[in-house]
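The chains referred to below are lettered A, B, ... by the order of the sequence lines, with proteins before strands, and numbering in each begins at 1. Note that these values count all heavy atoms, side chains included, but never hydrogens, waters or copies made by symmetry.
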Amino acid sequence: MEKAAYNKIVKKNTPSENILKNAIIAFVIGGIMGVIGNALVQFYSYVFDLSSKDASVFMIITLVFLGCFLTGLGFFDKWVNFARCGLIVPITGFAHAMMSAALEYRKEGLVTGIGMNMFKLAGSVIIFGVVSAYIFGILRIIIMGG
Amino acid sequence: MTFKYDNVYINDTSTVVGPYEANGPLSKYFDKKYKDFYFGEKTWEQAETRAIQDSTLILLKKLGKKSTDINVHIGSDLLNQIVATSYASAKMKIPYIGIYSACSSSCLGLLLASNMINANQIKNALVTSSCHNNGAEKQFRNPVEYGGPKKCYTTFTTTGCASCYLSNEKSNIKVESATLGTVCDMGIKDVNNMGAVMAPAAAQVILQHLKDTKRTVDYYDLILTGDLGIVGKNILKDYMKDAYKINLTNYDDSACMIFDINKQPVYTGGSGIACLPLVTYSYILNKMKNKELNKVLLVATGALMNTTMCNQHLTIPSIAHAISLEVVK
């Protein structure tokens, strides 16, 4: 049988992802994350009398801590599995990616385990984050003049 | 290539499983069930070694034999360099052959052992097949705690070890023949769709077996494939019908039997080396002993890939080996 004909059988029998359902879940959970983030910014700027720029740093620290903490407690992976991009795209996803890799390799030593593997998932986020920041920075200078 | 055997018998088997299998529909047939993924060890890799040791000890106890009575241990697992089995074998002191043919290793192990017994080179052999869900996830996919979303048609690696003792001493289950498969590649690249990768290999070996033995599919009471899952099972049925005009009616897939797919979070079924032998050595052999099944063809399927080759966007080759079991009358 030709590969093309076989591919047809595969396509016929392979279920497709429910994109709409996934998108709605990610939209709602991601939105809730945004509301929580904003509430934290308001809270910090009100309670500690900070500028909203400083308060958003505090907000990021809080969310990163919560992401790591809940991963450590062992149930954040189930939330991620359900909410998908709703929890992966916000900063919680970054914290969770690093924490889960650290947990996975902790038995293989501090340096050879945690040190070498902690950025297994998050490493590419940082690399491409820096590269895109660089490109957009240059574009900004060219288009907006700084 | 098909081998016929005259004096190879399955005398006894043992099964050790993890929490998901223990909560599955075949729970009552397993010898030992663990409640968590660590099996009292520190890591998942060590847990797999523990499962192999447990399973071997249970089997030796059932047989009333010592490890020195065993001629050869043939073992396979999914960890890199087959370490889980090698570490378990280090404690058993049985002459050891470590084999790797991905998830088709279980049948390959039975085939090699049967060949040696049939040729009177050895009197008996111990064949172990094991895998560990978290160990496999760590090696092939993302960290377990990451819980990243997966495709809805992927499969869930089983956890446990299944051991089998074969010998030339007569018992009621005979290894009748075995067919060695060839590697095939139908151009599938999707690492999540292992059923689609492996179904053509299963079809090829079933066809070869029927041709070599001059049989039809009706000869067998049950043809049981390894770990295709629901998707692969349907693909194999359609493929056999379209390409070879063979209707697979007396057919099932062990990946669809070991878990309750509707209730457990296992996507489209089980996978891994241990999937087929766990189902066979518990549920299927039990049915054969009760004479509900007389002739069974086991077809273990394996995807011969690793993460490096998948990241290089190569298509995934697959292989399958078949073993024919018969009840001795």
Worksheet item: For chain B, which of Leu103(A), Thr14(A), Val80(A), Asn81(A) has the most heavy-atom pairs under 4.5 Å?
Response: Thr14(A)
Fill in: Whether over 12 other heavy atoms sit under 6.0 Å from Lys11(A) NZ
no
Worksheet entry | Asp49(A), CG: over 12 other non-hydrogen atoms inside 6.0 angstrom | no
What side-chain donor-acceptor pairs closer than 3.5 Å can you find for residues 137-146 of chain A, not counting sequence neighbours?
none

Can you find a heavy atom in the side chain of [X] that is under 4.5 Å from one in the side chain of [Y]?
| X | Y | value |
| --- | --- | --- |
| Thr158(B) | Phe259(B) | yes |
| Val64(A) | Phe94(A) | no |
| Tyr244(B) | Ile206(B) | no |
| Glu17(A) | Asn22(A) | yes |

Worksheet entry | Given Thr225(B), Asp252(B), Asp253(B), the one that forms side chain to side chain donor-acceptor pair (under 3.5 Å) with Lys233(B) | Asp252(B)
Worksheet item: Can you check whether Val217(B)'s main-chain N or O pairs, donor with acceptor, with Asn250(B)'s side chain at less than 3.5 Å?
Response: yes
Worksheet item: Using a heavy-atom distance cut-off of less than 4.5 Å, which residues of residues 308-320 of chain B contact chain A?
Response: none
Fill in: Sorted by number, residues from residues 179-190 of chain B in contact with chain A (heavy atoms, under 4.5 Å)
Asp185(B), Met186(B), Gly187(B), Ile188(B)
Worksheet item: Checking Asn234(B) against chain A: side chain, backbone, both or neither under 4.5 Å from a heavy atom?
Response: both
Item to complete: Please state whether the side chain, the backbone, both or neither of Pro200(B) comes within less than 4.5 Å of a heavy atom of chain A.
Response: both
Worksheet entry | Residues from residues 105-116 of chain A approaching chain B under 4.5 Å (heavy atoms) | Tyr105(A), Arg106(A), Lys107(A), Glu108(A)
Worksheet item: Any side-chain donor-acceptor pair under 3.5 Å between Thr71(A) and Glu145(B)?
Response: no
Worksheet item: Do Tyr44(A) and Thr62(A) have a side chain donor and acceptor closer than 3.5 Å?
Response: yes
Discussion item. Can you give me the closest heavy-atom contact between Asp227(B) and Ser271(B), atom names plus distance?
Written reply: CB-CA, 3.4 Å
Worksheet item: Considering only heavy atoms, which portion of Lys120(A) lies under 4.5 Å from any heavy atom of chain B: side chain, backbone, both, or neither?
Response: side chain
Fill in: Asn7(A) portion near chain B, given a 4.5 angstrom heavy-atom threshold
side chain
Item to complete: Please state whether the rings of Tyr6(A) and Tyr239(B) are parallel, tilted or perpendicular, taking 30° and 60° as the class boundaries.
Response: perpendicular
Fill in: Aromatic plane relationship, Phe75(A) with Trp79(A) - under 30° parallel, 30 to 60° tilted, over 60° perpendicular
tilted
Response to the item:
One should read off an interatomic distance between Thr43(B) OG1 and Lys138(B) NZ, to the nearest 0.5 angstrom, of 7.0 Å
